[in-house]
Number of protein chains: 2
Amino acid sequence: MAKDEDRIEIDRNAGFVGDYLLYLLAAASDAASTDFHAHVREQGLRVPEWRILACLSDEDGQMVTQLAQLALMEQSHLTKIIDHMASKGLVKRRSDERDRRRVRVFLTAAGRALGARLVDEAQAHEEEIIARLRPGEAALLKNALKHVHALYRAGSGITPAPVREPVKLETRPT
Amino acid sequence: MAKDEDRIEIDRNAGFVGDYLLYLLAAASDAASTDFHAHVREQGLRVPEWRILACLSDEDGQMVTQLAQLALMEQSHLTKIIDHMASKGLVKRRSDERDRRRVRVFLTAAGRALGARLVDEAQAHEEEIIARLRPGEAALLKNALKHVHALYRAGSGITPAPVREPVKLETRPT
DNA sequence: GGCAAAAATATGCGAATTCATATTATTCAG
DNA sequence: CTGAATAATATGAATTCGCATATTTTTGCC
């Protein structure tokens with residue numbers, strides 16, 4: 001398979017990417033989630049559906065927009081996911097009494113049961129991860145992640161690094 | 001806008017999700033990246049294209065599969081992104097001399113220039129984030145992220161929490 | 001050397017996701 | 001109380017993405 005000169009050792013600490021915070025966040029998130037996401041799919045759920053189950057298990061009857069922000073997805077996408085989950089009998093919609101523009105999403109009995117089960121499994125899985133870290137490392141990590149998350153919520157008015165002239169590079173229109 | 005009873009304060013530390021490691025990773029990654037990703041798109045690049053530019057800036061001439069893994073995306077998807085970047089004159093393909101199954105991707109002059117610029121800007125942006133954290137917090141965070149990433153690379157043979165019977169919930173076929 | 005198996009990339013198609021906008025309901029100014 | 005402005009959700013088209021598989025090249029065994 002791999003011949004000698006192929007072992008181009010990719011030293012992740014050498015270049016820019018391997019020590020770039022945004023890369024490390026994305027890569028760690030991706031790597032740590034892969035296993036459990038596979039498990040979720042084996043249960044017949046898509047990952048976004050699992051996220052919604054989890055959020056509703058925490059607090060039932062949330063609004064669509066609220067849920068979308070919490071579950072890190074777009075509103076219009078969530079609408080479609082709710083359609084799908086409703087057709088599977090996991091959730092049902094009920095429009096808010098006070099403000100009928102709003103749609104509140106509630107777990108069905110089946111949704112609540114599945115959600116509770118998966119939350120349990122997620123916690124067990126989390127324990128396994130934490131067990132592999134150094135003592136106290138998980139707590140530090142979670143704190144720092146909460147800190148970053150809190151700093152960069154929507155609408156902090158923070159702008160990225162100074163922007164020079166946008167560049168037109170398209171050979172053909174995208 | 002928001003009436004009184006609407007301020008359903010979502011206490012993220014109350015339920016499961018707000019302290020779940022995989023959620024915190026995804027949420028922090030998402031939140032921290034939003035600004036810079038917007039900047040990237042203003043430059044006429046898609047986020048995956050930026051990731052490839054960054055990876056190639058670190059090490060030019062990487063293989064497609066290598067790059068895909070590094071940039072956290074699927075091989076077939078990367079192939080299409082490379083098509084697009086090539087049509088914009090940012091990269092070019094060259095098949096490996098020793099093994100002509102392999103395609104090595106190289107930056108063009110324009111690609112190298114744009115990559116260098118964006119890497120600079122990314123580093124400046126990273127500094128801004130780090131400046132908002134407590135002293136030393138970023139180093140701890142990066143270390144922990146590297147640790148998690150290292151533990152959960154593809155093929156560690158780790159299985160998620162014990163799996164009970166898969167559940168069929170579809171009302172209609174997906 | 002020739003052939004089966006494996007590796008690296010590309011391709012086609014279907015599913016997932018986003019974007020712009022329509023629809024419905026509420027608020028608020030006058 | 002009427003209409004303009006805003007808010008919440010839904011809808012449809014377009015894009016992006018992922019899975020299965022085809023294609024090309026290399027490897028290894030006989």
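In what follows, chains carry the letters A, B, and so on, assigned in the order in which the sequence lines appear, proteins first and then strands, with residues in each chain numbered from 1. Values in this document were obtained by computation on a predicted structure and should not be read as measured data.
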B/S29 side-chain N/O to B/L25 backbone N/O, donor-acceptor pair under 3.5 Å
no
Check: B/L24 main-chain N/O paired with A/K142 side-chain donor or acceptor under 3.5 Å
no
Check the distance between [N]'s [atom2] and [X]'s [atom1] and give it to me in whole angstrom.
X: B/R104; N: D/dT25; atom1: CZ; atom2: P; result: 17 Å
X: A/I82; N: D/dA10; atom1: CD1; atom2: P; result: 7 Å
X: B/E49; N: D/dT15; atom1: CD; atom2: P; result: 14 Å
X: B/M63; N: C/dA7; atom1: CE; atom2: C1'; result: 9 Å
X: B/D96; N: D/dT26; atom1: CG; atom2: C1'; result: 12 Å
X: A/E97; N: C/dA25; atom1: CD; atom2: C1'; result: 14 Å
X: B/H37; N: C/dT18; atom1: NE2; atom2: P; result: 13 Å
X: B/R102; N: C/dA6; atom1: CZ; atom2: P; result: 17 Å

Can you tell me which residue pairs pass the ring-ring contact (aromatic ring centres under 6.0 Å, His included) test with a partner in residues 50-79 of chain A, sequence neighbours excluded?
A/F36-A/W50
Please evaluate the base of C/dA8 for a donor-acceptor partner in the side chain of B/Q75 within a cut-off of under 3.5 Å?
no
Has the side chain of A/R100 got a donor or acceptor that lies under 3.5 Å from a partner of the other kind on the base of C/dA25?
no
A/T65 and A/Q69 side chains, donor-acceptor separation under 3.5 Å
no
To which residues is A/L140 joined in a hydrophobic cluster, defined by side-chain heavy-atom contacts under 4.5 Å among Ile, Leu, Val, Met, Phe, Trp and Tyr, whether direct or through other members?
B/L140
Between the protein and nucleotides 17-19 of chain D, which nitrogen or oxygen pairs are less than 3.5 angstrom apart?
unit_1	atom_1	unit_2	atom_2	d
D/dC17	OP2	B/H77	NE2	2.6
D/dC17	O5'	B/H77	NE2	3.3
D/dG18	O6	B/K80	NZ	2.2
D/dC19	OP2	B/E74	OE2	2.5
D/dC19	N4	B/S76	OG	2.6

Check this for me, if you would: do B/R101 and B/D99 make a salt bridge, where the nitrogen-to-carboxylate-oxygen distance has to be below 4.0 angstrom?
yes
Testing C/dA25, D/dT9, D/dT24 for proximity to the side chain of B/R101, the answer is D/dT24
Between B/M73 and B/P48, the two heavy atoms sitting closest are CE-CB, 3.7 Å
